[in-house]
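See structure below.
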Number of protein chains: 2
Amino acid sequence: MEDDTMPRTTFLPVVRELARCYQAFERLSGRHIRQLGLTAGQFDVIATLGGTDGMSCRELGDATLITKGTLTGVLDRLAERGLIERCACSGDRRSITVRLTPAGQALFDNSFDAHLAHLKPAFDQLAPDELAETGALLARLREALESEAPDCCEIQNN
Amino acid sequence: MEDDTMPRTTFLPVVRELARCYQAFERLSGRHIRQLGLTAGQFDVIATLGGTDGMSCRELGDATLITKGTLTGVLDRLAERGLIERCACSGDRRSITVRLTPAGQALFDNSFDAHLAHLKPAFDQLAPDELAETGALLARLREALESEAPDCCEIQNN
DNA sequence: TATTGTTATACTCTATAACTATA
DNA sequence: TATAGTTATAGAGTATAACAATA
């Protein structure tokens with residue numbers, strides 16, 4: 001028997017494909033985002049804030065998965081360029097509200113649709129039910145991965 | 001009709017799930033890799049070299065998707081720790097062969113299986129046919145993404 | 001001329017932790 | 001004491017381009 005040479009696991013190909021697929025996405029997406037003069041993190045913030053009336057750094061960090069310390073730097077660079085503004089307009093005076101400026105909103109309005117248009121030809125190569133199935137399976141896998149990664153509990157943050 | 005408020009695209013949820021799923025994987029995987037004293041890039045190199053008799057920087061860069069300039073630094077750090085070695089043993093004297101040292105091979109033998117064991121509980125939550133389907137769909141999507149990202153042609157590299 | 005790998009620069013992100021000002 | 005956000009540090013990755021040696 002040649003069982004010694006059998007793959008050690010059945011999930012390794014999925015790991016590989018997940019990584020390759022994400023990297024391929026990042027390459028296609030990132031190229032366009034860089035053309036807009038933004039980094040991936042900056043675009044993430046703009047896209048998250050777009051269409052909202054602002055949110056706190058904590059909410060923004062949770063939504064974008066950008067680390068607290070990094071977020072300050074990202075917001076600094078976006079604020080320098082006049083795309084976002086910070087204001088102390090919430091009840092809790094420890095907290096600030098981050099929102100898009102009119103210029104940031106304009107960038108969002110233009111760039112977000114343009115970005116989707118940039119990505120669309122790739123995703124159009126899959127049938128709608130394939131896309132739906134992909135999304136559903138990825139959600140299943142994400143839940144499984146998160147259940148093993150105990151940082152969903154933000155209790156031990158200090 | 002309320003079509004104006006319909007989602008602009010059908011693939012946006014897939015994008016979100018792909019990003020979330022990969023990030024969840026990176027978090028689970030990265031935690032363990034860091035415990036080994038390696039970064040993701042370093043582990044990628046070790047895992048790629050493991051079980052081979054070495055390869056050139058070019059091949060290694062292609063396999064790991066690590067940028068040429070970055071690869072030099074990654075290899076420097078691995079070489080400092082005695083995990084890889086570079087030798088000029090190929091016919092082409094511009095090229096070098098990178099391979100694991102015995103210490104690197106030992107690290108690979110131990111850490112790779114341990115890493116798989118670390119990940120296994122998460123992937124075990126999906127049925128084998130779900131995993132197979134996930135891998136197949138991710139491969140489909142990756143091919144679609146790559147077909148729109150013209151850097152598969154390494155011709156315009158200069 | 002083209003290719004392999006190295007070097008250099010400037011920027012960004014990560015992880016970590018200390019710090020402030022509030023609560 | 002705990003939380004929100006900032007600051008600081010060290011390390012690593014990215015993009016880009018110039019460079020030396022070789023093909």
Does anything in residues 83-97 of chain A reach DNA chain D, meaning a heavy atom under 4.0 Å, and if so which residues?
->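 Here the set is R86(A), R94(A), S95(A), I96(A).
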
What are the residues of residues 63-72 of chain B, sorted by number, that bring a heavy atom to within less than 4.0 Å of DNA chain D?
->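 The stretch gives T67(B), T70(B) as the residues lying under 4.0 Å from the strand, ordered by number.
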
Measure the distance from [atom1] on [X] to [atom2] on [N] and round it to the nearest whole Å.
X      : N       : atom1 : atom2 : answer
D62(B) : dG5(C)  : CG    : C1'   : 13 Å
D44(A) : dT12(C) : CG    : C1'   : 14 Å
Q35(A) : dA15(D) : CD    : P     : 13 Å
F43(A) : dC13(C) : CZ    : P     : 14 Å
E26(B) : dT14(C) : CD    : C1'   : 12 Å
L75(A) : dC13(C) : CG    : P     : 11 Å
I33(B) : dA12(D) : CD1   : P     : 14 Å
R31(A) : dT14(D) : CZ    : C1'   : 14 Å

Using heavy atoms to find the nearest nucleotide of DNA chain C for D76(B) and G41(A) separately, return the residue whose nucleotide is more 5′.
->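 That would be D76(B).
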
E130(A): what forms a side-chain hydrogen bond (donor to acceptor under 3.5 Å, both in side chains) with it, not counting sequence neighbours?
->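 E130(A): side-chain hydrogen bond (donor to acceptor under 3.5 Å, both in side chains) contacts with R140(B).
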
Contacts of E17(A) that satisfy side-chain hydrogen bond (donor to acceptor under 3.5 Å, both in side chains) - sequence neighbours left out =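 With neighbours one apart ignored, the set is R142(B).
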
Quantify the bending of the helix from dT1(C)-dA23(D) to dA23(C)-dT1(D) as the angle between its end axes, each fitted on five pairs, to 10°.
->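 One end's axis against the other's: 0°.
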
With the 4.5 Å side-chain cut-off for hydrophobic clustering, are L65(B) and V45(B) part of the same group?
->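 Hydrophobic grouping puts L65(B) apart from V45(B).
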
same_hphob_cluster(L18(B), L137(A)) at 4.5 Å side-chain heavy-atom cutoff |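 The answer is no; the residues belong to distinct hydrophobic clusters.
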
Shortest side-chain distance from R58(A), nucleotide among dG5(D), dC13(C), dA15(D) =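 Among the listed nucleotides, the one closest to the side chain of R58(A) is dG5(D).
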
Can you check whether [X] reaches [Y] side chain to side chain, under 4.5 Å on heavy atoms?
X       : Y      : value
L78(A)  : L38(A) : yes
I96(B)  : C87(B) : no
I33(B)  : T39(B) : no
L49(A)  : L60(A) : yes
F112(B) : F43(B) : yes

dC13(C) phosphate, OP1 or OP2: any side-chain N/O from T39(A) under 4.0 angstrom?
->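 Indeed, a polar side-chain atom of T39(A) lies that close.
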
Which of parallel (below 30°), tilted (30 to 60°) and perpendicular (above 60°) describes H118(B) and H115(B)?
->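 Ring orientation of H118(B) relative to H115(B): parallel.
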
Could you note down all residue pairs passing side-chain hydrogen bond (donor to acceptor under 3.5 Å, both in side chains) where residues 69-80 of chain B supplies at least one of them, sequence neighbours left out?
->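 For residues 69-80 of chain B, and leaving out neighbouring residues, the side-chain hydrogen bond (donor to acceptor under 3.5 Å, both in side chains) pairs sorted by first residue read D76(B)-R86(B).
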
